[in-house]
Amino acid sequence: MAVLSHLRRALLRPPAPATTVYGGAGTLTSSYHHLQVKNYSTKVEDEKKENKNGKWLTLPPFKLTVNGASLGREIAGRRKLTEEGDESTTTTTTAIKWVMRCCPQLPRSLVQKLFRLRQVRRETSEGSTCDKDVQATGSRIKRVSAKDAMKCGDTIYLPITVQALPAEKVECNCSEEELKFLHDLVLYKDSAILVINKPPGMPVQGGIGIKTSLDDLAGTYLRHDFSEPPRLVHRLDRDSSGILVLGRTQLSATVLHSVFREKTIGASNIDLKSEKRFLQRKYWALVLGSPRRPQGLISVPLGKVVMDDGRSERITVVENVSTMSSQHAITEYRVLESSNHGLTWLELSPLTGRKHQIRVHCAEVLGTPIVGDYKYGWQAHKKWNPLVSSNLEEKVEISKRKSLPFGLDLEGGSISDKQPSLHLHCKKMVLPDVSSALERARVSSSDYDFGDIKSLKFGAPLPPHMQRSWDILSS
């Protein structure tokens, strides 16, 4: 409200003289080039006066961008046809989205207010193309609505008084130790993606009772000189760990969303022996008991049920899909290692991306709930007996466990504890090189065969509590 009030007062001030914005405190810059304020003359007399008084802040001319969703489908090899033919790899956008893309510093609520107050203008050059000057003869400046589609060469003008708004300052609430901890989580980054080794116990997204989430922390402290915050493209449960991928821009996030979605949509038709896996995820889990077969494919529908308290919910296998809403879920599994203590290490590869898919498949289909999964394996944990290893106890004593950033406890939770933590970790992932695909798509509007896009392979070490459990069972 304070920002909106400041904007309202700023809009009532006399127009500032024409100026050029080069960045710095209180200015607006974009990843494309510096925003500039110029004097334009138009056929409309009132617009002439406003421009001469230097009323407008000029955004970069709009250019067609890559259609992220379509590109994701092409990378997945499942490009869909429309009635008019192949879906284009380029896309237009709305006026409000273009403003937000050029001015990520502006709060979205403030930009929406500008459009509602009809304070945003657009200059359209009739018959112009991306290669022509938008100031060509025949250009017109008119009011523009938030949802109006942008055309190639269109230029957006914002009230110059938004310059007077105080720059949003992000207060660094993290200590040096916490910042170092966050940066140490980064496994890989390029112009399109950011790959993180998520620690167990840290929530991915905010919610009721959650003060600190990885999504918020990454958006504030892991931008790495990008104006846009990284965006989540898939999820990991709070107590699970391992590889988490974020898109570094809105466009790359859209491409990755499409890739993950296409994997799920096409999973039911996959020929496991011949299908090229453009996206692979491999989880390691320690389970109670052992599957009947050393490897196999789980393919069952999953549905959501509300518990008796009316507030909590859980996922379960649906027996009759005609009477209950469900989503098909497919997981490959194989036994990695068995122990004499009734515990088994599994490698699980989800071919679809359903909520709690691996946990439910292990508990309800294989009959081997994951160690530390009290939601889906609470009955099996009633008879839990910790496994003690004197050698490990000498290395890690409870009294000597050091405090970790963000209140995390990564030392405890192994199978030597009375209450073990969830033993589920995203160990490996293979992704298409989205950065390379975007570069190809930007070079030309011509269609490309993205089947030869190289893959990026990632691996994440086991978290301390799972590594300790591995050592205990291996000794």
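The residues of the chain are indexed from 1 along the displayed sequence. Predicted model only: the values in this text are computed from it and were never measured.
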Can you tell me how far [atom2] of [Y] sits from [atom1] of [X], rounded to the nearest 0.5 angstrom?
{"X": "His381", "Y": "Lys418", "atom1": "NE2", "atom2": "NZ", "value": "16.0 Å"}
{"X": "Ser414", "Y": "His465", "atom1": "OG", "atom2": "NE2", "value": "8.5 Å"}
{"X": "Ser109", "Y": "Lys113", "atom1": "OG", "atom2": "NZ", "value": "9.5 Å"}
{"X": "Met100", "Y": "Leu110", "atom1": "CE", "atom2": "CG", "value": "9.0 Å"}
{"X": "Arg334", "Y": "Gln295", "atom1": "CZ", "atom2": "CD", "value": "8.0 Å"}
{"X": "Met466", "Y": "Trp284", "atom1": "CE", "atom2": "CH2", "value": "8.5 Å"}

Would you say [Y] and [X] are linked by a side-chain donor-acceptor pair, where the criterion is simply a distance under 3.5 Å?
{"X": "Ser241", "Y": "His425", "result": "yes"}
{"X": "Gln280", "Y": "Ser349", "result": "no"}
{"X": "Ser469", "Y": "His423", "result": "yes"}
{"X": "Asp471", "Y": "Ser474", "result": "no"}

Under the side-chain contact (heavy atoms from CB on, under 4.5 Å) test against [X], which residue among [options] passes?
{"X": "Ile370", "options": "Leu288, Leu286, Leu348, Ile358", "value": "Ile358"}
{"X": "Leu246", "options": "Val233, Ile196, Ile193", "value": "Ile196"}
{"X": "Met202", "options": "Leu236, Ile210, Leu217", "value": "Leu217"}

Within a strict 4.5 Å, meaning less than it, do heavy atoms of the [X] and [Y] side chains meet?
{"X": "Val287", "Y": "Val371", "result": "no"}
{"X": "Asp239", "Y": "Pro200", "result": "no"}
{"X": "Leu297", "Y": "Glu332", "result": "yes"}
{"X": "Trp384", "Y": "Ile415", "result": "yes"}
{"X": "Asp148", "Y": "Thr94", "result": "no"}
{"X": "Asn197", "Y": "Leu244", "result": "no"}
{"X": "Phe260", "Y": "Glu262", "result": "no"}
{"X": "Thr344", "Y": "Leu346", "result": "yes"}

Assess the residue pair His328 and Thr352 against the criterion (side chain to side chain donor-acceptor pair (under 3.5 Å)); give the C-alpha distance rounded to whole Å, side-chain angles, the decisive distance to 0.1 Å, and a yes or no. CA-CA 8 Å; His328 209 77; Thr352 54; over 6 Å; no
Test side chain to side chain contact (heavy atoms under 4.5 Å, CB included) on Val317 and Val365; report intermediate values, then the result. CA-CA 8 Å; Val317 174; Val365 180; 4.0 Å; yes
By side chain to side chain donor-acceptor pair (under 3.5 Å), which residues pair with Arg223, not counting sequence neighbours?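 None.
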Taking [Y]'s backbone N and O only, do any of them form a donor-acceptor pair with [X]'s side chain (distance below 3.5 Å, no angle check)?
{"X": "Glu178", "Y": "Ser175", "value": "yes"}
{"X": "Asn320", "Y": "Ser322", "value": "yes"}
{"X": "Arg359", "Y": "Asp373", "value": "no"}
{"X": "Ser145", "Y": "Lys147", "value": "no"}
{"X": "Thr249", "Y": "Ser252", "value": "yes"}
{"X": "Ser339", "Y": "His341", "value": "yes"}
{"X": "Gln357", "Y": "Ile330", "value": "yes"}
{"X": "Gln205", "Y": "Ser213", "value": "no"}
{"X": "Arg314", "Y": "Lys375", "value": "yes"}
{"X": "Lys454", "Y": "Pro432", "value": "no"}

Taking side chain to side chain contact (heavy atoms under 4.5 Å, CB included) as the definition, give me every residue that meets it alongside [X], ordered by chain and number, with sequence neighbours left out.
{"X": "Lys189", "result": "Leu194, His224, Arg248"}
{"X": "Ser435", "result": "Asp190, Ser191, Ala192, Asp433"}
{"X": "Thr316", "result": "Val305, Met324, Glu364"}

Minimum heavy-atom distance between [X] and [Y], given as atom pair plus value:
{"X": "Pro291", "Y": "Thr368", "value": "N-CG2, 3.8 Å"}
{"X": "Arg281", "Y": "Pro350", "value": "O-CD, 3.5 Å"}
{"X": "Lys457", "Y": "Val430", "value": "CG-CG2, 3.9 Å"}
{"X": "Cys426", "Y": "Ala460", "value": "O-CB, 4.0 Å"}

Looking at Glu411 and Arg468, is there a salt bridge between them, counting it only when a charged N and a carboxylate O are closer than 4.0 Å?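 The answer is yes: the pair qualifies as a salt bridge.
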Does the pair Glu313/Lys355 count as a salt bridge with the N-to-O cut at 4.0 Å?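 Looking at Lys355 together with Glu313, the answer is yes, because their closest N to O distance falls below 4.0 Å.
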Between Ile156 and Val120, is the side chain to side chain contact (heavy atoms under 4.5 Å, CB included) condition met? List the steps. CA-CA 7 Å; Ile156 291 289; Val120 184; 3.8 Å; yes
Could you go step by step and tell me if Tyr374 and Gln419 meet the side chain to side chain contact (heavy atoms under 4.5 Å, CB included) rule? CA-CA 10 Å; Tyr374 304 102; Gln419 189 170 349; 3.2 Å; yes
If the condition is ring pair (Phe, Tyr, Trp, His ring centres under 6.0 Å), which residues does Phe181 pass it with, not counting sequence neighbours?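 If we apply the ring pair (Phe, Tyr, Trp, His ring centres under 6.0 Å) test to Phe181, skipping adjacent residues, there are no hits.
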For the rings on His257 and His234, is their centre-to-centre separation under 6.0 Å?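 Ring-ring flag for His257/His234: false, centres at least 6.0 Å apart.
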Going by the ring-ring contact (aromatic ring centres under 6.0 Å, His included) test, which pairs reach into residues 344-366, not counting sequence neighbours?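 The answer is Trp345-Trp470, His356-Tyr376.
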Could you go through the side chain to side chain contact (heavy atoms under 4.5 Å, CB included) check for Val434 and Leu456 one step at a time? CA-CA 9 Å; Val434 174; Leu456 302 175; over 6 Å; no
